[in-house]
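Throughout, a chain's letter reflects where its sequence line sits, starting with A, and its residues are numbered from 1.
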2 protein chains.
Amino acid sequence: MASLPSILGGLDPTSDRAVFRQIADQLREAIDRGRFKEGEKLPSEAELVEHYGVSRMTVRNSFSILQGEGLVHAEHGRGVFVRPRPPVRRLASDRFARRHREQGKSAFIVEADAAGSHPTVDSLEVKEEKAGQDISTRLGSVRRVLARRRRYLLDGRPVEFATSYLPLDIARGTQIAEPNPGPGGIYARLEELGHQLDHFEEEIRARMPSPSEVKTLQLASGVPVIHLIRTAFDTSGRAVEVCDTVMAADAYVLSYQLPAT
Amino acid sequence: MASLPSILGGLDPTSDRAVFRQIADQLREAIDRGRFKEGEKLPSEAELVEHYGVSRMTVRNSFSILQGEGLVHAEHGRGVFVRPRPPVRRLASDRFARRHREQGKSAFIVEADAAGSHPTVDSLEVKEEKAGQDISTRLGSVRRVLARRRRYLLDGRPVEFATSYLPLDIARGTQIAEPNPGPGGIYARLEELGHQLDHFEEEIRARMPSPSEVKTLQLASGVPVIHLIRTAFDTSGRAVEVCDTVMAADAYVLSYQLPAT
DNA sequence: CTTGCCCACTCGTCTATACGAGTATGCGTG
DNA sequence: CACGCATACTCGTATAGACGAGTGGGCAAG
């Protein structure tokens, strides 16, 4: 690494911009310009204290800004690093097309394999439970539902946590209530049970994660989540499934095709 | 407000959870339980210092956690407040349907009026410029483009900043290059120019805002942005427009309909 | 009564210090 | 050579204090 003064400038005492913001600005710009590359270690707190002639808390304050922006992450005992942009998983709007369902594996496994990643599914939980207000409304005022919870990982990194809710009168006693729903997933089973799927409705929000989501998805600070709620409708117009998904936003790009008609 | 000890508990010195995290946990839980309501003022730093018997920086540290989660926001000289969840704007996937285009006003104005909000559009800029790498690729290797920039506000609050890029050979000299593109917007003009629209492609990402986005959208800390890139294709398969939109995530829910075929 | 100022309270910024805990390296011992 | 420990360096947590600046209410002067 080049010497600090050659990368970072000095402070402007006449500026009304707070010192810790000025430091954050300089570090951010250096990162943007590629003076610090992805995964690279930034100068230590002590070095910056020395360089700028400020106290350590001021430097830490600067780092905390960059952390909130998702630009860097600190590792206890090692240093502060430029956060690498992880490879993203693209979700195409045709990902539930029937033709993708004919094969054996789940959509997640197939896609990940194709992308050369190592996919895993864990924390599988299948149980009957009371539907929350929102789920109940979306499914048409059902009281109890079958909930299928699972977490998806790519190369060991959790990227998505999803829960499917199905009305008991549809799912109870079927393979949908089993941990392994069989080839083509629960959508294939639903169609076999006579619920020909007609269309899906997806609602998308983005927000900062709750503490429990941070834990489940092992999220770095400064990484939002995408909250997707999908409702599946059969040809009779009935909502047959609601899938509530929370995704690490830095791992996904969602893609949709809209007709212009 | 009830007395502090009745709302907030004490600290657990035996816990290995940091004190400032314990305080943040208690405040978060109190907010979730509704002990502090939306827009309500939290106890001041001094009060919490007194209640917990810790130093002021520790309390501020707790607040900064909650701020990062988007739960609270501080106002200089006034206090720390529970951040109200603003009314959200729903974007339906049929928002570009031709029938919505026949009327005079823009989609944004019509929707906002219907929702009882007061819509504004400002920072209008229309100019020719060099296309960036990404835009150029999406439009099919064009070098220069017409860029239309505008910011949308609801009841005075900025919620969205959008830039439309169009190939010069299509847009130059037409009403599309005027500040006011006329009734139905640029999509109506494109169709009049013989570019019958076929479909749109939308890419969605979520991330923390850059400092300039924080400024433009007046974002509170802990609010991510939704980054949407829409490409419009005409019936010949040509990309005729790319619209790059950055939205305040707390102001939007995106909604899509997908066929199951 | 109105105006304007003062003051108390609030958060914002910054310093200086202390100790704890995780990481990595190198050196000395076996 | 291999192992283990000491040590230096890193960030994490917490204290105590100081001054600045925005807000709002009360009080005094006009």
Side-chain angles (χ1 to χ4, degrees), chain A residues 1 4 10-27 36 39-68 71-83 211 214 218 220-222, chain B residues 1 4 10-27 36 39-68 71-83 211 214 218 220-222:
Chain A
M1 188 184 72
L4 243 48
L11 299 175
D12 176 3
T14 71
S15 167
D16 56 355
R17 189 153 178 83
V19 172
F20 72 91
R21 291 186 204 283
Q22 291 186 46
I23 297 177
D25 290 344
Q26 292 191 12
L27 290 169
F36 300 114
E40 201 174 325
K41 187 175 164 302
L42 292 180
S44 74
E45 294 175 355
E47 286 173 304
L48 291 171
V49 162
E50 166 115 12
H51 174 75
Y52 286 111
V54 298
S55 81
R56 186 173 159 226
M57 287 313 285
T58 302
V59 170
R60 282 183 62 77
N61 225 334
S62 309
F63 276 152
S64 97
I65 291 184
L66 301 180
Q67 244 181 81
L71 278 181
V72 306
H73 69 109
E75 293 182 29
H76 193 169
R78 305 222 312 128
V80 178
F81 300 83
V82 180
R83 202 156 67 75
V214 168
Q218 291 172 25
S221 62
Chain B
M1 188 185 73
L4 244 46
L11 299 175
D12 176 4
T14 71
S15 168
D16 56 355
R17 191 154 177 81
V19 172
F20 72 91
R21 291 187 203 283
Q22 291 186 45
I23 296 177
D25 291 344
Q26 292 190 13
L27 290 169
F36 300 113
E40 199 173 327
K41 188 175 163 303
L42 292 180
S44 74
E45 294 175 356
E47 286 173 305
L48 291 172
V49 162
E50 165 114 15
H51 174 75
Y52 287 111
V54 298
S55 80
R56 184 172 162 227
M57 288 315 283
T58 301
V59 170
R60 282 183 63 77
N61 224 334
S62 308
F63 276 152
S64 98
I65 291 184
L66 301 179
Q67 248 182 77
L71 278 180
V72 307
H73 68 109
E75 292 182 29
H76 194 169
R78 304 222 310 130
V80 178
F81 300 83
V82 180
R83 202 155 67 75
V214 167
Q218 291 171 26
S221 61

Looking only at side-chain N and O atoms, does T58(A) come under 4.0 Å of OP1 or OP2 in dT15(C)? yes

Would you kindly give the CD1-to-C1' distance between I23(B) and dT13(D), to the nearest whole Å? 12 Å

If we only count heavy atoms from C-beta on, is the V72(A) to R83(A) side-chain gap below 4.5 Å? no

Using a heavy-atom cut-off of 4.0 Å across all strands, would you classify F63(B) as base, sugar-phosphate, or nothing? nothing

Taking OP1 and OP2 of dT10(D), is either one under 4.0 Å from a side-chain nitrogen or oxygen of S44(A)? yes

Rounded interatomic separation in angstrom, taking CG from L11(A) and P from dT13(C): 15 Å

Residues, nucleotides or ligands: over 12 heavy atoms within 6.0 Å of E50(B) CD: no

Using whole Å, what does the distance between atom C1' of nucleotide dC11(D) and atom NE2 of H76(A) come to? 5 Å

Tell whether R21(A) reaches the base of dG12(C) with its side chain through a donor-acceptor pair below 3.5 angstrom. no

Taking only side-chain nitrogens and oxygens of R78(A), does any of them come within less than 4.0 Å of OP1 or OP2 of dC9(D)? no

Rounded to whole Å, please give me the gap between CG in N61(A) and C1' in dC14(C). 9 Å

In whole Å, I'd like the distance from the CZ atom of F20(B) to the P atom of dT13(D). 4 Å

If I take atom OH in residue Y52(A) and atom C1' in nucleotide dA16(C), what distance separates them, rounded to the nearest angstrom? 21 Å

Name the nucleic acid region contacted by R17(A), choosing base, sugar-phosphate or nothing; use a 4.0 angstrom heavy-atom cut-off, strictly under. nothing

Could you state the CZ-P distance from R60(B) to dA16(D), rounded to the nearest angstrom? 17 Å

What's the closest nucleotide to the side chain of A74(A) if the choices are dT10(C), dC11(D), dA14(D)? dC11(D)

Report the C-alpha separation of L11(A) and I23(A) in whole Å, then their side-chain angles, then the decisive distance to 0.1 Å, and conclude whether the side chain to side chain contact (heavy atoms under 4.5 Å, CB included) test is met. CA-CA 8 Å; L11(A) 299 175; I23(A) 297 177; 3.9 Å; yes

For the residue pair F63(B) and L27(B), establish whether any side-chain heavy-atom pair is separated by less than 4.5 Å. yes

Whole Å only: how far is the CZ atom of R56(A) from the C1' atom of dG20(C)? 11 Å

DNA chain D nearest-nucleotide lookup for M57(A) and G79(A): closer to the 5′ end is G79(A)

